[in-house]
Undergrad: 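Quick one: this structure, given as structure tokens, is what I'll be asking you about.
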Protein chains: 2
Amino acid sequence: MPKTPPGQTRNRIFRFVRDRLLEGDSPSLREVQRHFGFRAVETVRSHLSALVEEGRLIKKSGRSRGYRLPSSASDWSFNRLQPVPLLGEVAAGGFEEAIENPEGNLPVEIPDSRDLSDYFALRVRGESMSGAGILPGDTVIVERRAAPVSGQIVVALLEEEATVKRLHLGPGGMELRPENPDFNILRPPPGSCRILGRVVELRRQIR
Amino acid sequence: MPKTPPGQTRNRIFRFVRDRLLEGDSPSLREVQRHFGFRAVETVRSHLSALVEEGRLIKKSGRSRGYRLPSSASDWSFNRLQPVPLLGEVAAGGFEEAIENPEGNLPVEIPDSRDLSDYFALRVRGESMSGAGILPGDTVIVERRAAPVSGQIVVALLEEEATVKRLHLGPGGMELRPENPDFNILRPPPGSCRILGRVVELRRQIR
DNA sequence: CAGCATAACAGACATTTGTCTGGTATAGCA
DNA sequence: TGCTATACCAGACAAATGTCTGTTATGCTG
């Protein structure tokens with residue numbers, strides 16, 4: 001391997017490692033070595049050490065594949081993004097099971113004060129909230145554990161089925177109000193309904 | 001370590017590994033072992049092998065820290081997330097200038113075939129599209145350069161002001177139809193209107 | 001009960017991976 | 001010219017990590 005101008009190989013190595021890290025996979029020294037055709041591992045090691053020295057990489061010592069991107073290189077305010085499980089439509093069949101087997105994950109920005117497990121996402125069925133701009137097929141992101149507050153849009157668990165409605169708490173008890181004149185207000189008897197959380201965000205793909 | 005009911009420990013191990021992987025960091029067998037207090041590495045290895053067998057995990061063999069989530073569990077695909085500039089409301093004042101000075105960036109998943117510069121985001125003003133579930137304050141993500149197709153929801157530039165409407169192309173020329181009976185259909189004379197792109201996604205924060 | 005599957009353990013072993021020490025070559029510079 | 005910094009090589013070594021083989025115990029089931 002011929003000698004290259006100062007910094008050139010180092011930059012190429014940095015880009016290679018960075019791209020691998022962005023794919024979520026820290027390479028080993030020998031993987032980098034093979035990729036560039038170096039005949040010595042040490043060549044890679046010294047370059048990576050230099051990159052750490054320069055602050056372009058971070059290394060967790062005492063472990064294999066320990067290189068990481070420093071926060072400035074990976075987060076352009078994306079660091080608050082968390083994978084929130086998308087549970088699908090959660091029709092009859094069980095909510096708890098759906099939590100364990102999500103359809104996928106959605107990148108959602110959640111506040112630092114909150115835990116990732118406080119959030120999940122659902123796909124909306126039915127037209128009952130179309131008056132509030134929530135259409136079938138939309139995805140709602142739900143914050144759990146929030147104390148039920150009258151007037152908020154919530155996800156309620158009624159007979160093992162999740163449903164999106166606007167919550168009203170009055171002297172007559174709990175009301176789940178659709179936002180569509182074609183649907184009726186639900187007044188579930190106490191104990192038969194559990195409020196899973198409140199809708200904090202809505203996403204719609206238009207294709 | 002006492003014997004636990006079948007599947008219970010395996011589920012706990014799965015959740016632990018999954019969470020580590022979602023943090024972008026594959027744990028080693030001995031890290032899992034330490035976390036659960038097992039006295040044998042093999043305990044972890046057999047559980048993880050079983051999880052791979054069940055299809056709940058994937059393993060890249062011949063390498064350390066080789067466990068990954070199968071695509072169904074990890075398809076949050078953070079790699080495709082790109083910072084799309086949020087231009088604000090783009091009232092009178094100029095669209096081109098707004099492109100230069102975005103209010104911020106939004107993480108948006110865009111297809112590999114498309115370029116980042118093909119996208120921008122706008123905040124919606126007015127009630128004219130509320131019938132289509134697009135409310136004031138919502139953020140729409142717009143794909144530029146798409147050839148105008150009749151029936152799509154588009155962003156049009158009318159007298160230096162961006163507006164969201166449904167596009168209709170007919171023999172009588174171009175129509176921009178609001179989705180709200182309180183608003184009128186716009187029929188801009190040819191040349192006075194530019195279609196900036198089509199709305200591909202909608203996001204709404206509910207706070 | 002016997003048979004079987006599973007959970008967990010024990011310890012050796014092999015492979016991967018990171019670290020170290022020292023060497024060669026080349027370019028730039030005083 | 002000699003000095004120095006950098007790129008790269010060579011090989012040994014140590015630590016981390018994964019794999020294997022065999023054992024013990026427990027619950028389930030026919």
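Lettering of chains follows the sequences in order, A, B, ..., and the numbering in each one begins at 1. Scope of the values below: all heavy atoms of this structure, side chains included, with no hydrogens, waters or symmetry mates.
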Undergrad: Would you say R207(B)'s side chain and V200(A)'s backbone share a donor-acceptor pair under 3.5 angstrom?
TA: yes
Undergrad: Take N1-N3 plus N6-O4 or O6-N4 for Watson-Crick, N1-O2 plus O6-N3 for G-U, both under 3.5 Å. Which runs of 3 or more such pairs involve DNA chain C?
TA: C:1-30 with D:1-30
Undergrad: Please lay out, stage by stage, how R144(A) and D118(A) fare under the test salt bridge (Lys or Arg N to Asp or Glu O under 4.0 Å).
TA: CA-CA 5 Å; R144(A) 292 161 98 173; D118(A) 291 344; over 6 Å; no
Undergrad: Assign each of P27(A) and H47(B) to its nearest nucleotide of DNA chain C by heavy atoms, then name whichever residue's nucleotide is nearer the 5' end.
TA: H47(B)
Undergrad: Evaluate the side-chain proximity of I58(A) to Y67(A): yes if any heavy-atom separation is below 4.5 Å, no if none is.
TA: no
Undergrad: Starting at atom NZ of K60(A), determine the distance to atom P of dG18(C), rounded to an integer number of angstrom.
TA: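 About 14 Å, once rounded to whole Å.
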Undergrad: Using a 6.0 Å cut-off, check whether atom CD of E54(B) has over 12 heavy atoms from anything other than its own residue.
TA: yes
Undergrad: Which value, rounded to the nearest 0.5 Å, describes the distance between E179(B) atom CD and I153(B) atom CD1?
TA: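 Reported to 0.5 Å precision, the distance equals 6.0 Å.
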Undergrad: Salt bridge or not between E201(A) and R203(B)? Use side-chain N to carboxylate O under 4.0 Å.
TA: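 Here E201(A) does not pair with R203(B) in a salt bridge, since their nearest N and O are not under 4.0 Å apart.
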Undergrad: Is the shortest side-chain N/O distance from K59(B) to OP1 or OP2 of dT19(D) below 4.0 Å?
TA: yes
Undergrad: Looking at T43(A), does any N or O in its side chain come under 4.0 Å of the phosphate oxygens OP1/OP2 on dA7(D)?
TA: no
Undergrad: CG of L48(B) versus P of dA8(C): gap in Å, rounded?
TA: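 Taking CG of L48(B) and P of dA8(C), I get 13 Å after rounding.
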Undergrad: OP1, OP2 of dT6(D) versus side-chain N and O of S46(A): anything below 4.0 Å?
TA: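 For dT6(D), neither OP1 nor OP2 has a side-chain N or O of S46(A) closer than 4.0 Å.
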Undergrad: Figure out the CD/C1' separation between Q33(B) and dA7(C), and round it to whole Å.
TA: 15 Å
Undergrad: Between atom CG in L51(B) and atom P in dG18(D), what is the gap in whole Å?
TA: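 Atom-to-atom, L51(B) to dG18(D), this comes out as 15 Å.
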Undergrad: If we ignore angles and hydrogens, is there a donor and acceptor under 3.5 Å between the side chains of R56(A) and N11(A)?
TA: yes
Undergrad: Run the side-chain hydrogen bond (donor to acceptor under 3.5 Å, both in side chains) test against Q33(B) and tell me which residues pass, sequence neighbours left out.
TA: none
Undergrad: I need the CZ-P distance between R45(B) and dG18(D), as an integer number of Å.
TA: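 Going from R45(B) (CZ) to dG18(D) (P), I get 10 Å.
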Undergrad: Which pairs, protein N/O on one side and nucleotides 10-16 of chain C N/O on the other, fall under 3.5 Å?
TA:
none

Undergrad: When the distance from CZ of R20(B) to P of dT17(D) is rounded to whole Å, what number comes out?
TA: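 Rounding to the nearest Å, CZ of R20(B) and P of dT17(D) are 10 Å apart.
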Undergrad: Under the side chain to side chain donor-acceptor pair (under 3.5 Å) rule, what do K165(B) and T163(B) come out as? Steps first, then yes or no, please.
TA: CA-CA 6 Å; K165(B) 294 286 183 297; T163(B) 177; 2.7 Å; yes
